[in-house]
Amino acid sequence: MPFKSKNLGKLSQVPNIDMKIATYNVNGINARLPVLLRWLEETAPDVACLQELKSIEEKFPLLAIHGAGYNVVMHGQKSWNGVAILAKNQLELKESSRGLPGNDTDEQSRYIEAQVEDILVCCLYAPNGNPAPGPKFDYKMNWLQRLVIRSEMLVKMSNPVVVLGDYNIIPTDFDAQKPERWVNDAVFFPEAKEIYQQLLKQGWTDSIRELHRNEKIFTYWDYFRNAFNRDAGIRMDHLLLNAPLATRLKAGNVDRNVRGWEKTSDHAPVWIDVSD
DNA sequence: ATGACTTACCCGGTAAGA
C-alpha cells in the first residue's frame, strides 16, 4: 500500500490541540465530591477550574481527584473561598501565579493561574459583595478593579489565555430570568456590570454569549423557592478568551442537568471546546 | 421575599453565600 502522506502530516502536528475547558463553582468540594466525580467521569473535561472549595489544601480530596485522572494546582482557605485548576494527567500543568496583585492585605483565596500545554488558564472566584452598598461591596469593587489591571496584561498576550470562573456579575438584563429581582443585589449593581463591560472592551470574548447570541443561558439557580425547576436562574460564570484563543472556539454550553442532581451545587458547570 | 436553603465550623449556635 502506498503511504498516505496526508495522515503523516496530521500525526506530526502538536498534540492536545483539542481541549475542553470547564468552570464549576462546586460550593464545597468535600460536600459535593460525589457530584464532582460523576460530572468529571460523564463529561471528561481536559481542564476543570473549580471555585468555592471551602477547603484547605490538607483537606482537599486529592486521592479521589487523582483517581479520576486529574492533576491539581490549588489555592485553598479554611471554611470559605478557595480555587483549583484540574487538568487531565497526561497534560502539562504548571502553576504560574496565585492571588491577584495590587493588595498585599488580601487574605482571601480567589485567584490562581496555571499553564496547561500552550494555554494560560486563569481561574477566579470574584467576591459576592453583599450586602451592597457596604464594606463587602467595596472589597468586591477593589478586587474587580485589580482584575481589570491584570486582564489588561493578559488580553495582550500572544499566547492563548482564558480567564474563567464565578465572576459574581450578571452582565446584562438578558442574563437573568427576572432582572428586577436582582436590582438590589451586588451581583447586578451598575458598578459591577460596568467592570464586565470594561473587560469586554479590552478585547475579551465572552465565549458562551458569543456562541448563543439570542439564547437565555443561566449558570446559577437559588436553592430557595424551587428556583431550578422554575428556571429562575442567572448567568454569572463566564469564560473570557483573548484573541489567540477566541479564534479556536468551537462549542460551549452549560451542563444544566448537573444542577438537578442530589446534593448538588447551586451553580452548574460551564464548558467550551477549543481546537485549531 | 435584605430569603423561604445549604454549607463549614465544632457540636447548636453563627457567618456566609447571592
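In what follows, every chain begins at residue 1, and chains take the letters A, B, ... in the order their sequences are listed. The structure displayed is predicted, hence computed values, not measured ones. FYI, side chains are in, hydrogens and waters are out, and symmetry mates aren't considered; it's all heavy atoms of this structure.
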Note: A/Met157 and A/Pro244 closest approach over all heavy atoms is O-CG, 3.7 Å
Which of A/Trp143, A/Tyr125, A/Tyr139 passes side-chain contact (heavy atoms from CB on, under 4.5 Å) with A/Gln108? Answer is A/Tyr139
Passing option when A/Ile208 is tested against A/Leu249, A/Ile272, A/Asp175 for side-chain contact (heavy atoms from CB on, under 4.5 Å): A/Ile272
If you look at every strand shown and take non-hydrogen atoms under 4.0 Å, does [X] touch a base, only sugar-phosphate, or nothing?
{"X": "A/Phe189", "result": "nothing"}
{"X": "A/Lys136", "result": "sugar-phosphate"}
{"X": "A/Asn81", "result": "nothing"}
{"X": "A/Asn168", "result": "sugar-phosphate"}
{"X": "A/Phe188", "result": "nothing"}
{"X": "A/Asn25", "result": "sugar-phosphate"}

Strand contacts (DNA chain B) in residues 180-187 of chain A, 4.0 angstrom heavy-atom criterion: A/Arg181, A/Trp182, A/Asn184, A/Val187
Tell me which residues in residues 126-135 of chain A lie within less than 4.0 Å of DNA chain B, going by non-hydrogen atoms. A/Asn128, A/Asn130
C1'-based separation of B/dA15 from B/dC10 [nearest Å]: 14 Å
Separation between the P atoms of B/dG17 and B/dG12, rounded to whole Å: 25 Å
How close or far is atom C1' of B/dA16 from atom CG of A/Asp266, stated in whole angstroms? 12 Å
A/Lys140 NZ to B/dG17 C1': how many Å, rounded? 12 Å
Among pairs that include at least one residue of residues 211-221 of chain A, which meet side-chain hydrogen bond (donor to acceptor under 3.5 Å, both in side chains), considering only residues two or more places apart or in two chains? A/Glu210-A/Arg213, A/His212-A/Glu215, A/Thr219-A/Asp237, A/Tyr220-A/Asp222, A/Trp221-A/Asp231
Hey, which of A/Arg146, A/Gln145, A/Lys140 is the one that makes side-chain hydrogen bond (donor to acceptor under 3.5 Å, both in side chains) with A/Asn142? A/Arg146
Just jot down the side-chain hydrogen bond (donor to acceptor under 3.5 Å, both in side chains) partners of A/Tyr167, sequence neighbours excluded, or say none. none
Tabulate atom names and distances for all N/O pairs under 3.5 angstrom spanning the protein and nucleotides 5-11 of chain B.
residue: B/dT7; atom: OP1; partner: A/Lys263; partner atom: NZ; Å: 2.6
residue: B/dC9; atom: OP1; partner: A/Ser79; partner atom: N; Å: 3.4

With a 4.5 Å cut-off on side-chain heavy-atom distances among I, L, V, M, F, W and Y, is there a chain of contacts connecting A/Trp204 to A/Leu239? no
Checking side-chain hydrogen bond (donor to acceptor under 3.5 Å, both in side chains) for the pair A/Asp166/A/Gln51: CA distance, chi angles, key distance, verdict? CA-CA 7 Å; A/Asp166 179 357; A/Gln51 302 89 33; over 6 Å; no
Acceptor/donor pairs from residues 63-74 of chain A side chains to any protein atom, 3.5 angstrom cut, sequence neighbours excluded:
residue: A/Tyr70; atom: OH; partner: A/Pro45; partner atom: O; Å: 2.6

Looking at A/Lys88 and A/Asp46, does any basic side-chain N land under 4.0 Å from a carboxylate oxygen? yes
salt_bridge(A/Glu113, A/Arg150) N-O dist < 4.0 Å: yes
